[in-house]
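Scroll down for the structure; my scribbles are underneath it.
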Amino acid sequence: MSTLVIAEHDNASLNPATLNTVAAAQALGADIDILVAGAGCGGAASAAQAVAGVRKVLCADNAAYEHQLAENVSLLIAELGADYDNILAPATTSGKNTMPRVAALLDVAQISDIISVESADTFKRPIYAGNVIATVQSSDAKKVITVRTTAFDGVAAEGGSAELVAVDAVHDAGISSFVGQEIAVSDRPELTAAPVVISGGRGMQNGDNFKLLEGIADKLGAAIGASRAAVDAGFVPNDMQVGQTGKIVAPELYIAVGISGAIQHLAGMKDSKVIVAINKDEDAPIFQVADYGLVADLFEALPEIESKL
Amino acid sequence: MKVLVAVKRVVDYNVKVRAKADGSDVDLNNVKMSINPFCEIAVEEAVRLKEAGTATEVVAVSVGDKSCQEQIRTALALGADRGIQVETEGSVEPLEIAKLLKGIVERESPDLVILGKQSIDGDNNQTGQMLGALAGMPQGTFASEVKIEDGKLNVTREVDGGLQTVSLNMPAIVTTDLRLNEPRYASLPNIMKAKKKPLDVVSPADLGVDLASHLTLLKVEPPPERSAGIKVESVDELIDKLKNEAKVI
Ligand SMILES: Cc1cc2nc3c(=O)[nH]c(=O)nc-3n(C[C@H](O)[C@H](O)[C@H](O)COP(=O)(O)OP(=O)(O)OC[C@H]3O[C@@H](n4cnc5c(N)ncnc54)[C@H](O)[C@@H]3O)c2cc1C
Ligand SMILES: Nc1ncnc2c1ncn2[C@@H]1O[C@H](COP(=O)(O)O)[C@@H](O)[C@H]1O
């Protein structure tokens with residue numbers, strides 16, 4: 001039995017989501033190899049070699065894989081996947097983009113966003129915005145799976161010494177190309193991995209007011225998130241959206257400010273360890289999931305919190 | 001240019017779905033059903049392409065039992081020209097839906113297929129990508145902007161790090177994200193007109209697809225409950241609780 005984990009990386013380094021995915025792979029009990037597909041991705045491959053508990057790192061270094069175009073990478077994974085019983089990727093936008101193509105090429109189902117491994121063929125996953133948890137059993141010989149990273153504690157990034165294997169296969173479907181990207185740069189911790197997250201909603205009124213969250217985030221070492229309403233209104237960019245159809249977070253502390261608590265938002269944060277809600281409406285549904293609720297005007301509460309931290 | 005739009009009938013997004021007492025499935029008795037919100041965005045995008053003179057025909061397809069004709073009619077009321085129902089019973093897995101849609105793609109030869117990024121019931125986020133692989137078409141998933149330039153489709157995608165733009169050969173697949181557009185409401189006259197628009201019904205056999213099942217739903221259960229919290233009276237109390245009770249700051 002063996003499992004192939006698809007690395008999430010930027011060619012130079014490994015994204016921590018890979019470590020959570022290896023943890024899910026360990027629960028399957030088979031030998032674990034990691035695939036690093038990219039261009040000039042030696043840095044990411046050597047980081048993958050150091051990951052605890054990994055047997056081999058397959059490194060496919062070719063211009064065709066530079067930007068993780070799903071049309072190309074899925075062909076590579078489907079070919080390599082012939083030798084594996086399980087193929088796992090994190091349920092990031094990259095994993096979600098590529099893995100269903102892999103599943104279709106292999107003529108198997110994809111099991112999306114698993115939160116636990118019950119046995120080699122049985123998994124739990126949230127459906128209906130996390131209002132229910134489904135247990136599903138796969139009858140496919142090969143399992144193609146995406147992993148909800150917040151549900152698995154990452155394995156150690158150091159301590160392993162996996163063998164490095166170069167993969168020569170080049171798959172360039174020639175039907176898509178990369179044009180450009182606008183990637184947010186921030187000194188703050190990454191939203192999905194931060195120990196503290198403070199999110200603003202429509203109650204913030206505009207993008208400028210998110211500065212009120214920044215001062216607190218600086219003091220707490222927090223990442224900043226947002227509700228869909230705040231993103232749709234153009235207060236902040238899309239990569240900050242937390243929820244059913246945005247990012248899933250589960251920090252030690254989640255602070256929701258001016259967010260009502262729609263089920264689609266709760267789906268993205270209700271597994272946080274401690275939840276704080278600040279809202280001027282004492283009946284806001286967010287208070288039903290909050291460990292500590294503060295009924296207050298955020299424009300008064302936030303400066304006070306910042307000064308007292 | 002012909003645009004094919006895939007629409008799914010799902011539980012309305014306002015409904016808080018619960019598991020049945022015996023845990024065999026979710027309880028969908030008497031709940032409001034709607035067109036999947038991401039599919040609504042897909043229809044809107046197709047209709048805008050037609051209004052801009054870029055598209056000449058918009059075809060809406062749904063896979064499901066007879067009740068999904070309601071959602072096809074919604075798409076027609078929003079501006080699609082004709083509908084196709086692929087008649088199936090019970091729940092059909094994304095891979096099988098993708099195979100059926102591939103059958104429709106072969107019949108209709110659209111230049112562009114627009115789907116939602118995710119259905120809000122199963123939260124799968126698979127069908128568009130699977131269709132892409134089966135039909136050998138490129139994909140622009142999680143799209144927030146779609147432009148046709150020199151015969152190529154330029155798609156701006158919402159990704160974890162921000163935005164990415166890709167250029168795709170056509171025919172191509174797009175899956176919609178929330179910021180692609182804001183769907184219109186169907187007007188009463190358009191709802192009336194939609195009743196007269198053509199709606200064909202085809203079977204999986206007509207499309208040469210033999211439906212298979214890969215997954216068994218063993219049970220559904222509610223997620224772990226959060227224990228009830230408290231309201232604090234002041235910022236001082238909040239900071240004190242976080243420091244000394246929860247010990248998270
Ligand atoms: C298909 C689909 C997918 C979706 N996906 C997501 C998702 O991934 N993530 C997500 O978040 N939403 C998502 N939504 C949207 C969701 O349904 C809600 O509309 C959204 O979460 C509301 O955002 P909000 O709480 O910021 O705004 P509102 O619901 O408008 O709430 C604003 C809150 O701010 C409070 N407030 C206002 N002023 C102040 C003040 N001065 N001080 C204190 N409090 C104040 C108000 O009392 C109110 O409770 C989705 C919806 C659909 C249909
Ligand atoms: N039964 C269906 N009929 C038509 N389109 C569907 C169906 N199921 C899924 N789709 C399309 O695929 C998208 C993604 O669905 P999913 O992969 O289930 O999350 C939906 O938004 C639809 O556009």
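All values reported here derive from a predicted model rather than from experimental measurement. A, B, ... follow the sequence lines: proteins, then strands. Residue 1 opens every chain. Computed over heavy atoms, backbone and side chain alike; hydrogens, waters and symmetry mates excluded.
Heavy atoms only, all atoms of each residue included: A/T122 and B/L218 are closest at CG2-CD1, 3.8 Å. Of all heavy-atom pairs spanning A/D107 and B/H214, the tightest one is O-CE1, 3.7 Å.
B/A98 does not touch chain A: none of its heavy atoms, backbone or side chain, sits under 4.5 Å away. Of the atoms belonging to B/V232, heavy atoms from both backbone and side chain fall under 4.5 Å from chain A. In this structure, chain A has a heavy atom under 4.5 Å from the backbone of B/S213, while its side chain stays farther away. Proximity to chain B (any heavy atom under 4.5 Å) is shown, for A/A134, by both the backbone and the side chain. Looking at B/V11, the atoms closer than 4.5 Å to chain A (heavy atoms on both sides) all sit in the side chain, from C-beta outward. In this structure, chain A has heavy atoms under 4.5 Å from both the backbone and the side chain of B/L163. Heavy-atom distances place no part of A/Q288 under 4.5 Å from chain B, backbone and side chain included. Residue B/P94: no heavy atom, backbone or side chain, is found under 4.5 Å from chain A. Residue A/R125 touches chain B through its side chain alone, counting heavy-atom pairs closer than 4.5 Å. Interface residue A/K124: only side-chain heavy atoms are found under 4.5 Å from chain B. Contacts between B/K152 and chain A at a heavy-atom distance below 4.5 Å are absent for every atom of the residue. Contact annotation for A/Y292: both backbone and side-chain heavy atoms come within less than 4.5 Å of a heavy atom of chain B. Only the backbone of B/S234 comes within contact range of chain A, judged by heavy atoms closer than 4.5 Å. The part of A/I263 that comes within reach of chain B is its side chain, from C-beta onward, which places non-hydrogen atoms under 4.5 angstrom from that chain. Of the two parts of B/L238, only the side chain, counted from C-beta on, holds a non-hydrogen atom closer than 4.5 Å to a non-hydrogen atom of chain A.
The local environment of CD in B/E233 is sparse, with at most 12 non-hydrogen atoms from other residues, nucleotides or ligands closer than 6.0 Å. Few gaps surround CD on B/E221; more than 12 heavy atoms of other groups in view lie less than 6.0 Å from it. Counting non-hydrogen atoms of other residues, nucleotides and ligands closer than 6.0 Å to CD of B/E89 gives a total of 12 or fewer. Counting heavy-atom neighbours within 6.0 Å of B/K231 NZ, excluding the residue itself, gives a total above 12. Within 6.0 Å of atom CG in B/D210, 12 or fewer heavy atoms from other residues, nucleotides or ligands are found, so the atom counts as exposed in its surroundings.
Of the residues considered (B/G128, B/A212, B/P224, B/G162), B/G162 shows the highest number of contacts with chain A, using heavy-atom pairs under 4.5 Å. Ranked by heavy-atom pairs under 4.5 Å with chain B, the list A/D232, A/I127, A/N131 is led by A/N131. Per-residue heavy-atom pair counts under 4.5 Å with chain B were compared for A/S177, A/A109, A/G130, A/A78, and the maximum is reached by A/S177. Of the residues considered (A/I278, A/I175, A/V136, A/D113), A/I175 shows the highest number of contacts with chain B, using heavy-atom pairs under 4.5 Å. Ranked by non-hydrogen atom pairs under 4.5 Å with chain B, the options A/A173, A/A104, A/P100 are led by A/P100. When the candidates A/L220, A/L191, A/V108 are compared by the number of heavy-atom contacts under 4.5 Å with chain B, A/V108 comes out ahead. Considering only heavy-atom pairs separated by less than 4.5 Å from chain A, the leading option among B/D25, B/L178, B/V248 is B/L178. Counting heavy-atom pairs closer than 4.5 Å to chain A, the top residue among B/N14, B/T216, B/L217 is B/T216. Between chain A and the residues B/D121, B/V15, B/I120, B/L168, the most heavy-atom pairs under 4.5 angstrom are made by B/D121. Contact tally against chain A (heavy-atom pairs below 4.5 Å) for B/N154, B/V235, B/T127: the top residue is B/V235. Listed options B/G23, B/G122, B/S119, B/S227 were ranked by heavy-atom pairs under 4.5 angstrom with chain A; first place goes to B/G122. Of the listed residues (A/V132, A/V231, A/T146), the one with the most heavy-atom contacts under 4.5 Å to chain B is A/V132.
Rounded to the nearest 0.5 angstrom, A/Q110 CD and B/L95 CG are separated by 10.5 Å. Distance check: A/I183 CD1 to B/Q164 CD gives 7.5 Å after rounding to the nearest 0.5 Å. Here the CD-CD distance, from A/Q244 to B/Q118, works out to 5.5 Å after rounding to the nearest 0.5 Å. In this structure, NZ in A/K308 is found 12.0 Å from CG in B/D240, a value given to the nearest 0.5 Å. Separating the CG atom in B/N125 from the OG1 atom in A/T245 is a distance of 10.0 Å, to the nearest 0.5 Å. To the nearest 0.5 angstrom, B/I249 atom CD1 is 7.5 Å from A/I255 atom CD1.
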I'd like a table of donor-acceptor pairs (distance under 3.5 Å, sequence neighbours excluded) in which one partner is a side-chain atom from residues 130-145 of chain B, with atom names and distances.
unit_1: B/Q139; atom_1: OE1; unit_2: A/R101; atom_2: NH1; d: 2.9
unit_1: B/Q139; atom_1: NE2; unit_2: A/N97; atom_2: O; d: 2.8
unit_1: B/Q139; atom_1: NE2; unit_2: A/N97; atom_2: OD1; d: 2.7
unit_1: B/T141; atom_1: OG1; unit_2: A/N97; atom_2: OD1; d: 2.6
unit_1: B/T141; atom_1: OG1; unit_2: B/R157; atom_2: NE; d: 3.3
unit_1: B/T141; atom_1: OG1; unit_2: B/R157; atom_2: NH2; d: 2.9

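A donor-acceptor pair under 3.5 Å links the side-chain atoms of A/Q264 to the main chain of B/Y13, judged by distance alone. Panel note: side chain B/D123, backbone A/A129; a donor-acceptor pair is recorded below 3.5 Å. Remark: the backbone N or O of A/S176 is not paired with any side-chain donor or acceptor of B/N169 at under 3.5 angstrom.
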inquiry  = B/L28 vs A/Y128, test: side-chain contact (heavy atoms from CB on, under 4.5 Å). Steps then yes/no.
reply    = CA-CA 12 Å; B/L28 295 183; A/Y128 292 91; 3.8 Å; yes
Intermediate values then yes/no, side-chain contact (heavy atoms from CB on, under 4.5 Å), B/V159 and A/Q181 = CA-CA 10 Å; B/V159 294; A/Q181 60 188 10; over 6 Å; no
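Salt bridge A/K96/B/D160: absent, no basic N to carboxylate O contact under 4.0 Å.
For residues 67-74 of chain A, the interface with chain B (any heavy-atom pair closer than 4.5 Å) comprises A/H67, A/L69, A/A70, A/E71, sorted by residue number.
If you check the side chains of B/Q126 and A/S112, you find a donor sitting under 3.5 Å from an acceptor.
A heavy-atom distance below 4.5 Å is not found between the side chains of B/K241 and A/V276. Within the 4.5 Å cutoff, the side chain of A/D291 has heavy atoms near those of the B/R226 side chain.
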